[in-house]
2 protein chains.
Amino acid sequence: MAAIVSHSKTRQHILRAALRHFANSGYAAASVQQIVDDARVSKPALYYHFKDKAGLFQALVSEAHDKEFELLCGAAARSKTIRGQLVEILAVLFDYFRENRELMRIALATMFASPGELPKKLRYLDRCERNFEFIHTLMKRALQNGELDGRFGSREMAFGFYGQANVHLMAHLVTPTCRLDRRTANRIVGLFLAGAARKRNAGSPGKF
Amino acid sequence: MAAIVSHSKTRQHILRAALRHFANSGYAAASVQQIVDDARVSKPALYYHFKDKAGLFQALVSEAHDKEFELLCGAAARSKTIRGQLVEILAVLFDYFRENRELMRIALATMFASPGELPKKLRYLDRCERNFEFIHTLMKRALQNGELDGRFGSREMAFGFYGQANVHLMAHLVTPTCRLDRRTANRIVGLFLAGAARKRNAGSPGKF
DNA sequence: GATACTACCTACCGTTCGGTAAGTTAATGG
DNA sequence: CCATTAACTTACCGAACGGTAGGTAGTATC
């Protein structure tokens, strides 16, 4: 896993242990003592590399959101149609999720955290917004292209899709419902684009 | 607010204060001391009425999910078509949400909590599942009626809808995006049923 | 060979945590 | 009039919390 970049070995151990504990217990319930025990380092070693508990968390949060943004960009570039882009996005998120579920958990948890749940000095809202706005941009473009239904707003569609993607990920953290793979990605995008209602003319049903 | 039922006045104060703190800070970060200070009671008074911190939380969690279930049932009964039922469900959830956002926050937070985030003895997964299964049942019925597209499974549609409903609620906790009212409910259901893709024959566009 | 810096260490700080022991007050029942 | 119970109270517990003071081994520099 090349996800955690760090110059020091100790710093790396700390980050990896912190990732485990924050992902598993949330910010408040994860204790610094547990983290340093798990990382087999002393507490001052942690406070040498990170300003405080919040700073340690911040490092992981930034990495999680930046990684997601990177994945979104890469995936969207791989297709020209909105359908292809959305499938690519879901597929790559699912792939990454399967092997880095702890980092993803942190990204999701910070996205939907209560105001008092995390230290106020933490900066992550701008990163959340950036990731959402990326999807939003795709939708706007597809709307102009005529790929999407003009009766809906780009914002509500971006919201519907990004929201649904996140729900699938979050739900999978709680109870693995179905395999999060490319096939599932295809079906989700299919449902999103075609809608759940029965079609009046079953002329060209397409495949999902 | 008749949400919190209790026989003792003190118990009521405690529950109300606990609701505020748990909703605002999450389980771990909310301290018993803050709660009793806020409720203007002593700590042993709290431990007289509730077994422990987890028991206090449990009372709120149960109430939150039970209330949601009640809302779902009432809303679904108000219409015969799946479209009508889904709109009613969203509308009633939105209504309730606007006036009881703290209780809703707890329901959502427990739904997507990490394993180590909450005490293990807490019982809530069965209640989550019950609420989801209610939506699932509606979808199954609508599928048999031919109201929904047979190419999709009832489970994935229930998931898509319930998930999207929850995302709208959660997102609204973080940043109020749009008015959560009946009009919004209509648009969300519209998007869910019709799909985002442009329709080939714009014969009867419907209104959302 | 003194100085300075990195990368830690042991030991400990004050605070807050969830929770309790034991006593008090007011009402109720025999 | 006494016993019991409900509904608390003050005072306190040990453990865990996040964080730090002060010292040190190793390396690099002048």
Counting only heavy atoms not in [X] (residues, nucleotides, ligands), do more than 12 fall under 6.0 Å from its [atom1]?
X        : atom1 : value
A/Arg179 : CZ    : no
A/Glu129 : CD    : no
B/Arg40  : CZ    : no

At under 4.0 Å, does any side-chain N or O of [X] touch on OP1 or OP2 of [N]?
X       : N      : value
B/Tyr47 : C/dG19 : yes
B/Thr10 : D/dA7  : no
A/Ser8  : C/dC8  : yes

Problem set entry | Residue pair A/Thr137 / A/Glu133, side-chain donor-acceptor N/O under 3.5 Å | no

Name the nucleic acid region contacted by [X], choosing base, sugar-phosphate or nothing; use a 4.0 angstrom heavy-atom cut-off, strictly under.
X       : result
B/Ser42 : base
B/Ala30 : sugar-phosphate
A/Ala45 : sugar-phosphate

Starting from [atom2] on [N], measure out to [atom1] on [X] and report it in whole angstrom.
X       : N      : atom1 : atom2 : answer
A/Tyr27 : D/dC17 : OH    : P     : 13 Å
A/Asp52 : D/dG18 : CG    : P     : 11 Å
B/Lys43 : C/dT20 : NZ    : P     : 11 Å
B/Gln33 : D/dA11 : CD    : P     : 14 Å
B/His21 : C/dG18 : NE2   : P     : 12 Å
A/Lys9  : C/dT6  : NZ    : P     : 21 Å
A/Tyr48 : C/dC5  : OH    : P     : 12 Å
B/Ile35 : C/dT16 : CD1   : C1'   : 14 Å

Exercise. Run the salt bridge (Lys or Arg N to Asp or Glu O under 4.0 Å) check on B/Glu88 and B/Arg83 step by step: do they pass?
Worked result: CA-CA 9 Å; B/Glu88 288 294 330; B/Arg83 153 167 265 129; over 6 Å; no

Seminar exercise, completed: Of B/His49 and A/Gln34, the one whose nearest nucleotide on DNA chain D sits closer to the 5' end is B/His49

Problem set entry | Presence of donor-acceptor pair under 3.5 Å, side chain of A/Lys53 and base of D/dG19 | no

